[in-house]
Amino acid sequence: MILKHTFSPPSNTRLAHLCGPTDEHLRTIETALQVRIEHRHEQFKIDGPKTKAQRALEVLQALHEMAGRPISPDKVLLMVAGDSAMSDDEDGVQVLHTRRSDLKARTPNQSVYLDNIANHDITFGIGPAGTGKTYLAVACAVDALERSAVQRIVLTRPAVEAGEKLGFLPGDLSQKVDPYLRPLYDALYELMGFDKVTKAFERQALEIAPLAFMRGRTLTNAFVILDEAQNTTPEQMKMFLTRIGFGAKAVVTGDVSQIDLPKGHLSGLVEAERILKRVKGIAHTRFTSADVVRHPLVARIVDAYDAARKSDAK
């Protein structure tokens with residue numbers, strides 16, 4: 001199918017920002033949606049399957065609206081991934097109060113995920129890398145802390161070796177496990193800012209620790225996130241879930257296609273999803289490659305590995 005569109009009134013500046021340096025933004029859209037885009041001045045022609053050509057046109061129109069100034073490559077990627085369907089003031093879209101004022105769901109599953117977190121005491125977010133499971137959970141935690149809905153945030157991950165042995169890493173225990181917790185620090189710094197994060201640690205409103213440190217505790221009035229939960233054992237998962245106290249909210253995230261436990265060991269996340277599927281008060285959100293909001297290649301990589309796994313299972 002071929003779609004034609006003319007942007008008016010003509011504006012060389014807007015067209016330059018829309019297309020990007022050497023038409024970089026157009027090439028990004030072509031690669032992600034598998035279409036071909038040609039243009040002469042303000043006249044554009046899109047060639048490809050009907051639904052993808054229509055999607056490409058929608059992305060171009062949305063980018064043109066914001067082309068009063070240069071558009072970053074990351075913004076184009078996010079638009080292609082689904083952000084263009086949502087305007088900043090669209091009714092019904094849950095916007096989180098963090099340092100990033102524009103943070104909100106970019107896909108239908110992300111929207112369901114945010115609703116589940118808001119309306120349930122325990123939420124499971126399961127799916128491939130790049131779908132925003134952890135990032136959105138941390139954003140919800142920051143939002144809850146900013147609104148004084150909770151008194152503190154507790155972030156934890158199992159320190160499971162992914163090909164390396166902890167004992168051979170230099171430093172004391174804190175230095176050994178710090179690399180496993182670094183993604184959580186990165187998300188907090190982006191969503192709160194370095195100064196706020198530092199002050200939150202000082203007043204004990206923020207804690208990041210390996211999962212083993214959770215044993216024997218009761219977490220009340222806290223927003224608790226268990227990340228990389230596919231690498232928990234069933235015993236660790238049960239231990240974590242039974243730490244939840246009054247006024248607490250918990251989010252468990254993981255990717256069951258990337259389990260680093262020793263061969264033959266059952267993942268606590270896989271077992272918990274099966275056992276707790278119908279327990280009242282617990283929500284489950286399943287993400288797919290369609291929810292990936294990183295580079296479009298990430299979604300295709302996820303699909304390729306899924307296809308190979310299904311083929312090997314036959």
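- Counting only distance, with no hydrogens or angles, the side chain of Asn231 and the backbone of Asp260 share a donor-acceptor pair below 3.5 Å.
- Here the shortest heavy-atom pairing between Met214 and Leu219 reads SD-CD1, 4.2 Å.
- The side-chain tip of Arg182 points at the ring of Tyr185 from less than 6.0 angstrom away and within 45° of straight on.
- For the pair His25 (side chain) and Val76 (backbone), a donor-acceptor distance under 3.5 Å is absent.
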Let me see the working for Arg300 and Thr31 under side-chain contact (heavy atoms from CB on, under 4.5 Å), right down to the final yes or no. CA-CA 11 Å; Arg300 295 203 287 275; Thr31 301; 3.6 Å; yes
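- Linking ILVMFWY side-chain heavy atoms closer than 4.5 Å, directly or via other members, places Ile2 and Ile29 in two distinct hydrophobic clusters.
- A chain of hydrophobic side-chain contacts below 4.5 Å, direct or via other Ile, Leu, Val, Met, Phe, Trp or Tyr residues, connects Phe7 to Ile46.
- Using a 4.0 Å cut-off between charged side-chain N and carboxylate O, Arg55 and Glu58 make a salt bridge.
- The backbone N or O of Gly245 lies less than 3.5 Å from no partner atom in the side chain of Thr220, so there is not a single donor-acceptor pair.
- Minimum heavy-atom separation, Met237 to Ala229: CE-CB, 3.9 Å.
- A salt bridge links Arg309 with Asp306: the distance from a Lys NZ or Arg NE/NH1/NH2 to an Asp or Glu carboxylate oxygen falls below 4.0 Å.
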Quick one: do Asn109 and Arg286 satisfy side-chain contact (heavy atoms from CB on, under 4.5 Å)? Show the steps, please. CA-CA 8 Å; Asn109 275 338; Arg286 267 280 186 177; over 6 Å; no
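- Within the 4.5 Å cutoff, side-chain heavy atoms of Leu211 are placed close to those of Met239.
- Between the side chain of His17 and the backbone N or O of Arg69 there is at least one donor-acceptor pair closer than 3.5 Å.
- At a threshold of 4.5 Å between non-hydrogen side-chain atoms, the residues Gln204 and Arg152 do not count as touching.
- One hydrophobic cluster, built from ILVMFWY side chains closer than 4.5 Å, holds both Phe240 and Ile275.
- Annotation: side chain of Leu18 is not in contact with side chain of Glu42 (no heavy-atom distance under 4.5 Å).
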Output, in order, the C-alpha distance, side-chain angles, deciding distance and verdict of side-chain contact (heavy atoms from CB on, under 4.5 Å) for Val270 and Ile259. CA-CA 10 Å; Val270 173; Ile259 297 174; 4.3 Å; yes
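- In terms of heavy-atom proximity, Gln230 sits nearest to Gln258 at NE2-O, 3.2 Å.
- In plain terms, the two heavy atoms of Leu261 and Ser267 that are nearest each other are CD1-CA, 3.7 Å.
- With rounding to the nearest 0.5 angstrom, the CD atom of Glu271 is 8.5 Å from the CG atom of Leu276.
- With respect to the salt-bridge test (charged N to carboxylate O, under 4.0 angstrom), the residues Glu235 and Arg215 do not qualify.
- What you find for Val197 and Met192 is that their closest heavy atoms are CG2-CB, 3.8 Å.
- The distance from atom CD1 of Ile126 to atom CD of Glu273, rounded to the nearest 0.5 Å, is 3.5 Å.
- The side-chain heavy atoms of Leu136 and Ile117, taken from C-beta on, include no pair separated by under 4.5 Å.
- Side-chain contact check for Tyr135 versus Leu191: some heavy-atom pair is nearer than 4.5 Å.
- In this structure, Gln54 and Leu57 have side chains that are in contact, with non-hydrogen atoms separated by less than 4.5 Å.
- Atoms CD1 and CG, on Ile208 and Leu155 in that order, are 5.0 Å from each other to the nearest 0.5 Å.
- Looking only at distances, no side-chain donor or acceptor of Thr156 sits under 3.5 Å from a matching main-chain atom of Leu226.
- Checked by atom type and distance alone, the side chain of Gln110 pairs as donor or acceptor with a backbone atom of Thr131 at under 3.5 Å.
- Asn119 CG: more than 12 foreign heavy atoms inside a 6.0 Å radius.
- Considering CZ of Arg217 and CD of Glu207, their distance stands at 4.0 Å, rounded to 0.5 Å.
- Looking at Arg27 and Glu30, a side-chain N of the basic residue comes within less than 4.0 Å of a carboxylate O on the acidic one, giving a salt bridge.
- Neither Val292 nor Val112 shares a network with the other; the hydrophobic side chains, linked directly or stepwise wherever heavy atoms of I, L, V, M, F, W or Y lie under 4.5 Å apart, form separate groups for each.
- Within a 6.0 Å sphere centred on CZ of Arg36, heavy atoms belonging to other residues, nucleotides or ligands number 12 at most.
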Residue pair Thr107, Asp291: steps toward the side-chain hydrogen bond (donor to acceptor under 3.5 Å, both in side chains) verdict: CA-CA 6 Å; Thr107 72; Asp291 300 299; 2.8 Å; yes
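- Here Lys133 contributes atom NZ and Ile225 contributes atom CD1; the two are 12.5 Å apart, rounded to the nearest 0.5 Å.
- Between Val252 and Leu241, the closest side-chain pair of non-hydrogen atoms falls below 4.5 Å.
- The local environment of CZ in Phe201 is crowded, with over 12 non-hydrogen atoms from other residues, nucleotides or ligands closer than 6.0 Å.
- Interatomic distance, Arg157 CZ to Thr253 OG1, rounded to the nearest 0.5 Å: 8.0 Å.
- Considering all non-hydrogen atoms of both residues, Val138 and Ala187 come closest at CG1-CB, 4.2 Å.
- The hydrophobic cluster containing Val279 also contains Leu269, counting ILVMFWY residues as joined when their side-chain heavy atoms lie under 4.5 angstrom apart, directly or transitively.
- For an aromatic pair to be called close, the ring centres must be under 6.0 Å apart, and Phe44 with His5 fails this.
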For a side-chain contact (heavy atoms from CB on, under 4.5 Å) check, start with the C-alpha distance between Arg243 and Val224, then their side-chain angles and the critical distance, and finish with the verdict. CA-CA 10 Å; Arg243 299 306 93 203; Val224 192; over 6 Å; no
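- Inter-residue side-chain proximity for Pro73 and Glu24 is flagged as met; some heavy-atom pair is nearer than 4.5 Å.
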